[in-house]
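What follows is a single structure, written as structure tokens, with notes after it.
Quick note: numbers below take in every heavy atom, side chains included, and nothing from hydrogens, waters or symmetry partners. Since the model is a prediction, treat every value here as computed from it, not as a measurement.
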Amino acid sequence: TNLVDITGCIRTAIQVNISFCRNQINFCHAHDKRCIQITISLFGSINPFEFGNHKQWKHWLLQPEYRYWFCEPFYKGFIGVHTLGGEFNAAGIELPFDIFPELADYRFQGWMAGGGISFGYQWLLNRHWNLEASVGVGYLYVKYDKYPCASCGTRLDKGHKNYVGPTKAAVSLVYMF
């Protein structure tokens with residue numbers, strides 16, 4: 001249900017993370033204003049595709065977020081708290097900052113869950129469109145099975161990893177209703 005603010009305008013927004021569009025299917029962030037300076041959102045992402053050359057980043061991810069806006073919703077700065085969870089099947093990928101370096105040589109399949117805090121800013125482009133930049137840091141518990149290559153089926157190992165670091169980075173185009 002959409003809430004109506006004092007002026008009678010519906011304060012709901014949909015946004016797409018344009019920085020990741022080439023690698024996956026992004027479900028839109030769906031935002032809903034809950035009170036004067038608070039919104040909640042749900043972001044989702046899925047990638048069922050392989051890149052070729054034994055590289056793949058198959059996954060699905062859901063990331064709900066609670067945001068407190070310093071000025072007003074969908075304008076200027078905010079701080080948020082997010083949780084996230086999903087499943088993955090990845091191989092042949094080199095992540096920045098040497099995160100999970102074994103992904104370059106092995107395939108990992110499993111699930112993850114965690115949460116963090118985020119910071120962001122939205123710029124007004126016109127009455128209905130905004131541009132947003134946001135980053136987040138937090139914790140992930142990652143449970144996985146390790147395989148020798150992208151198409152091999154013999155499990156080498158299983159384990160888990162406790163990850164602390166970036167959990168979100170986005171440049172998004174926002175449409176406000």
Side-chain angles (χ1 to χ4, degrees), residues 1-52 55-90 93-97 99 111-140 142 163-177:
T1 304
N2 295 326
L3 296 179
V4 178
D5 68 7
I6 297 170
T7 64
C9 298
I10 297 173
R11 298 306 302 188
T12 300
I14 295 175
Q15 79 184 60
V16 175
N17 183 351
I18 58 179
S19 58
F20 287 108
C21 284
R22 66 179 179 84
N23 294 334
Q24 62 197 13
I25 299 169
N26 285 302
F27 294 113
C28 295
H29 279 262
H31 290 273
D32 197 18
K33 181 178 171 182
R34 289 287 136 186
C35 70
I36 293 173
Q37 290 179 287
I38 302 216
T39 61
I40 58 172
S41 72
L42 178 63
F43 170 74
S45 161
I46 187 168
N47 183 4
F49 311 111
E50 292 184 16
F51 302 134
K55 292 183 180 187
Q56 63 186 30
W57 185 263
K58 295 180 178 181
H59 73 277
W60 67 264
L61 170 77
L62 289 177
Q63 187 175 47
E65 184 174 39
Y66 175 92
R67 290 181 174 182
Y68 174 82
W69 296 81
F70 298 119
C71 188
E72 65 180 80
F74 314 113
Y75 181 58
K76 294 192 175 179
F78 67 84
I79 186 170
V81 176
H82 61 272
T83 61
L84 61 117
E87 294 179 308
F88 59 89
N89 187 351
I93 305 293
E94 293 183 26
L95 296 176
F97 313 113
I99 300 170
W111 61 272
M112 62 190 161
I117 58 172
S118 58
F119 307 93
Y121 196 91
Q122 278 195 20
W123 294 271
L124 294 173
L125 300 178
N126 66 32
R127 184 170 178 235
H128 290 287
W129 292 98
N130 279 6
L131 184 66
E132 177 185 299
S134 62
V135 294
V137 295
Y139 167 80
L140 281 176
V142 182
Y163 165 79
V164 176
T167 52
K168 148 181 204 173
V171 175
S172 302
L173 192 57
V174 182
Y175 181 81
M176 297 172 296
F177 294 92

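For the atom pair Phe43 CZ and Ser172 OG, the distance stands at 7.5 Å (nearest 0.5 Å). Expressed to the nearest 0.5 Å, how far CD of Gln63 lies from OG1 of Thr83 amounts to 7.5 Å. Taking OH of Tyr121 as the start and NZ of Lys76 as the end, the distance is 5.0 Å to the nearest 0.5 Å. Rounding to the nearest 0.5 Å places CG of Leu173 at 7.0 Å from CG of Leu131.
Atom CD of Glu94 has 12 or fewer heavy atoms from other residues, nucleotides or ligands within 6.0 Å. Other residues, nucleotides and ligands contribute over 12 non-hydrogen atoms within 6.0 Å of the OH atom of Tyr163.
In terms of heavy-atom proximity, Lys58 sits nearest to Pro48 at CE-O, 3.7 Å. Contact detail for Ser118 and Lys168: the closest heavy-atom pair is CB-CD, 4.1 Å. Listed here is the closest heavy atom pair of Asn47 and Trp57: ND2-O, 3.3 Å. In this structure, Ser45 and His59 approach most closely via the heavy-atom pair OG-NE2, 3.0 Å.
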If you apply the rule side-chain hydrogen bond (donor to acceptor under 3.5 Å, both in side chains), what do you find for Trp60 with Glu87, and how did you get there? CA-CA 6 Å; Trp60 67 264; Glu87 294 179 308; 2.7 Å; yes
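Remark: the backbone N or O of Gly115 is not paired with any side-chain donor or acceptor of His82 at under 3.5 angstrom. The main-chain N or O of Val174 is never found under 3.5 Å from a side-chain atom of Asn130 such that the two would form a donor-acceptor pair.
No side-chain heavy atom of Thr39 sits less than 4.5 Å from a side-chain heavy atom of Phe78. Residues Gln122 and Gln15 form a side-chain contact, since some pair of their non-hydrogen atoms from C-beta on lies under 4.5 Å apart. Residues Val81 and Tyr68 are not in side-chain contact: their nearest non-hydrogen atoms beyond the backbone lie 4.5 Å or more apart.
Ring geometry, Trp69 versus Phe74: the interplanar angle falls from 30° to 60°, so the pair is classed tilted.
Taking the six-membered ring for Trp, Phe88 and Trp111 have ring centres at least 6.0 Å apart.
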